[in-house]
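To start, the structure under review is shown below, and the notes come after it.
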Amino acid sequence: MPSIRFLPDILISQIAAGEVVERPASALKELLENSLDAQARDIVVSLQQGGIKQLRVADDGLGIPGEDMPLALARHATSKIASLEDLEKVVSLGFRGEALASIAAVSRLTLTSRSAGEPHAWRIEAEGGHVFPPLPAALECGTVVDMRDLYYNTPARRKFLKSEATEYGHCEETFKRIALSRPDVAFQLRYDGNLRWRLQAGDAAQRIGEILGEEFAASALAIDEQAGPLRLWGQVARPTHSRLSRDAQYVYVNGRFVRDKVLAHAIRQAYQDVLHHERHPAFVLFLEINPELVDANVHPTKTEVRFRDGQRVHRFVFHALHKVLAVPAGTPPRPPSMPPSVQSTGYVPYQSQIPLRAEEGTRFYETLFAGAKSASTSTAIAEHPSQEYPLGFAIAQLHGIYILAQNRQGLVVVDMHAAHERIMYERLKTALDDQTITMQPLLIPMSFNAERWEIAVVEEHGPLLRELGFELAVLSPTTLAVRAVPTLLQEADAVTLARDVLRDLHEFGGSRVLIERRNALLATLACHAAVRANRSLTLTEMNALLRDMEATERSGQCNHGRPTWIQLDLAELDKLFMRCLLYTS
């Protein structure tokens, strides 16, 4: 057996470098964080061959004094912390003192820097871990780090790098993550001599729009919530702007981009009620927390954190997002702009010219909603036709599926089943939370042939069924009868509803149905109760549905994450008919 011996310093450095510098993007992250820690206001990144041939970062930060230049390339040498107490409340992005030393161990590195007050800059070079003495150089205040030939001296590591295009993609994503975290700093990214990104210093909304694009900005909801030492701010896209991948998800803790299971789970839970399970939300979120309540020293890459009170953080993030996503249909992400045609003609796209009678055909919708709102809502529409309503007023029903309405912006198209399903779902949730689900006894009980397990569920979970608004009776070893259903669901098929509830109770048990499966069960019930396609609605009924959408949280999406309505403004309609060409020609 070989004897135990010390490893050579160069091998120790190369092993350590493998933890910090996985690829060019890893080195870029460390260098950009160093620039920000140095209070840089303008940072320029230059890459060649995916960052493998060259990766250069130049900044106008504080610079490094000449006497500190050799220490800058030494392992575990840093100006950012000096004690364990500093480490426990670290506020800088870097603090390990490993980045430059690790990069120097696996590349040809040149570091040039000049701090304020010094007569000239200093340059120090390192190759494969060997550091040469510093020499005078010319440079304005700031620092330039030039890394070349990554892994030239460790070919076993280099062969695991991907294509130049792939490595550049990782570098560009790292650049965007850092740029999003500091909108007050100007950034440039050049690749093989070509300018790819130029970001001027500005505010957060401007920077987010530049990086995530106009489509995200148009659907973004601003969030800014605070509770004690916790603050969550940023922008989240409406669920209708969901994506097939997680490529537009950015979370920062005290300015540092992180991947954290606690935060990811809280975000996922906040969206689960409004997003299809195969889609992913888009967001840029900044969590600010007392540095003493979070540990950033979990992993060498510093992308993982550990909270002292993870449950508190989870609850705060979930409730903050849940609140901002509970936006009724028609609420604009920003003040709507009036189309030119509306401004010029003074046309008011409202239904005031269509006579509405409160007594006209409200019975069907009123029955569906247990008479809670329809009559009063319809009366309000009739008496105040010019009042501002975000979803406007109904003008027609298309193929028994869609409601067409007009508002000040143009045309609104509503999927009536999806919209009604969300309204029913939210009302069922509220009623169950408040323990106010009322029963509607059936004039004639509905009996059906039942399986043995269905009989057993009724006998075991009778009180729970009544809590959910159902009354079922065992008529024989093979027969059940539905005697009452929730009042909100009285128009749905009683037997189908009952069997769905029994199936969930059988598969998951009573406690799980009311906790883990609660929303899924209520969504199923709401779907059965929602108005079906090919159901003819009167204008009054359609308008009542629009008003309920405006008053219902999360009504912009159905329970499966699909949009319940879309807006086509007059400018879009003009383009469809090429009216804009007529005006300009």
Side-chain angles (χ1 to χ4, degrees), residues 25 28-29 32-33 36 43 93 169-187 189 197-227 230-272 274-275 279-289 294 296 302-305 307 313-314 316-327 332-334 556:
L28 177 60
K29 170 185 175 293
L32 288 174
E33 288 181 346
L36 294 177
I43 302 174
L93 296 173
H170 286 288
C171 287
E172 184 180 43
E173 179 61 23
T174 296
F175 175 86
K176 292 193 292 184
R177 289 173 184 170
I178 299 293
L180 276 172
S181 73
R182 290 294 301 273
D184 59 320
V185 176
F187 289 87
L189 174 62
W197 288 90
R198 185 196 297 273
L199 302 170
Q200 301 294 336
D203 59 30
Q206 174 187 336
R207 180 63 54 85
I208 292 172
E210 287 178 311
I211 292 181
L212 270 71
E214 295 181 359
E215 187 177 350
F216 175 89
S219 70
L221 298 169
I223 179 173
D224 194 343
E225 296 289 330
Q226 188 160 1
L230 300 172
R231 180 193 177 204
L232 184 71
W233 63 279
Q235 292 186 353
V236 297
R238 292 171 181 264
T240 48
H241 181 71
S242 60
R243 304 167 73 94
L244 288 172
S245 65
R246 298 182 177 89
D247 61 342
Q249 298 183 352
Y250 299 89
V251 179
Y252 300 83
V253 175
N254 291 343
R256 185 194 310 279
F257 176 83
V258 300
R259 292 189 182 93
D260 179 73
K261 293 180 180 178
V262 172
L263 297 177
H265 187 264
I267 295 169
R268 191 165 57 250
Q269 278 201 322
Y271 269 96
Q272 71 175 357
V274 291
L275 201 64
R279 306 286 294 184
H280 301 281
F283 48 80
V284 180
L285 293 171
F286 299 88
L287 177 66
E288 295 178 5
I289 182 174
V294 59
K302 303 186 293 292
T303 56
E304 298 178 18
V305 293
F307 299 104
V313 172
H314 185 283
F316 168 71
V317 172
F318 168 76
H319 287 297
L321 288 174
H322 192 266
K323 177 181 177 181
V324 75
L325 291 173
V327 178
R334 58 183 55 153

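Please read these numbers as outputs of a predicted model, since none were measured by experiment.
The shortest side-chain heavy-atom distance between Arg231 and Asp224 falls under the 4.5 Å cut-off. Within the 4.5 Å cutoff, side-chain heavy atoms of Phe175 are placed close to those of Phe187. Side-chain contact check for Val185 versus Leu36: some heavy-atom pair is nearer than 4.5 Å.
Partners of Tyr250 under the side chain to side chain donor-acceptor pair (under 3.5 Å) rule, at least two apart in sequence or in another chain, are Glu173. Checked against salt bridge (Lys or Arg N to Asp or Glu O under 4.0 Å), Asp247 has the following partners two or more places apart in sequence or in another chain: Arg243. When the side chain to side chain donor-acceptor pair (under 3.5 Å) test is applied to Ser181, no partner is found at least two apart in sequence or on another chain. For His265, the ring pair (Phe, Tyr, Trp, His ring centres under 6.0 Å) test picks out His314, with sequence neighbours left out. In terms of the side chain to side chain contact (heavy atoms under 4.5 Å, CB included) criterion, residue partners of Ala326 (sequence neighbours excluded) are, by chain and number, Glu553, Arg554.
Contact detail for Gln269 and Gln272: the closest heavy-atom pair is O-CG, 3.1 Å. The two residues Arg279 and Ser242 have their closest heavy-atom pair at NH2-O, 2.6 Å. Counting all heavy atoms, side chain and backbone alike, Cys171 lies closest to Ala25 at SG-N, 3.6 Å. Shown here for Trp233 and Ala204, the closest heavy-atom pair between the two residues is CZ3-CB, 3.8 Å. Minimum interatomic distance between Pro281 and Gln249 (heavy atoms only, all atoms of both residues): O-NE2, 3.0 Å. The two residues Ile211 and Ala179 come nearest to each other via the heavy atoms CD1-CB, 3.9 Å.
Counting only residues at least two apart or on different chains, the salt bridge (charged side-chain N to carboxylate O under 4.0 Å, His left out) pairs with a member in residues 208-223 are Arg207-Glu210.
Atom NZ of Lys176 sits about 10.5 Å away from atom CG of Leu199, to the nearest 0.5 Å. Within the model, atoms CD of Glu172 and CG of Leu28 stand 11.0 Å from one another, a figure rounded to the nearest 0.5 Å. Annotation: the span from Phe286 atom CZ to Tyr252 atom OH amounts to 5.5 Å, rounded to 0.5 Å. Remark: Arg256 CZ to Ile178 CD1 distance equals 9.5 Å, nearest 0.5 Å. With rounding to the nearest 0.5 angstrom, the CZ atom of Arg268 is 12.5 Å from the CZ atom of Phe318. Taking CD1 of Ile43 as the reference point, atom CG of Leu32 lies at 6.0 Å (rounded to 0.5 Å).
When each of Asn254, Ile289, Val294 is tested with Val305 by the rule side-chain contact (heavy atoms from CB on, under 4.5 Å), just one qualifies, namely Val294. In summary, of the residues considered (Leu287, Val324, Val251), a side-chain contact (heavy atoms from CB on, under 4.5 Å) with Leu232 occurs for Leu287 alone.
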- Message: Would Leu263 and Phe307 count as a side chain to side chain contact (heavy atoms under 4.5 Å, CB included) here? Give the steps.
- Response: CA-CA 10 Å; Leu263 297 177; Phe307 299 104; 4.0 Å; yes
- Task: Kindly indicate, with the supporting measurements, whether the criterion side chain to side chain contact (heavy atoms under 4.5 Å, CB included) is fulfilled by Val236 and Tyr271.
- Result: CA-CA 10 Å; Val236 297; Tyr271 269 96; 3.5 Å; yes
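In this structure a side-chain-to-backbone donor-acceptor pair under 3.5 Å is missing from Gln235 to Ala217.
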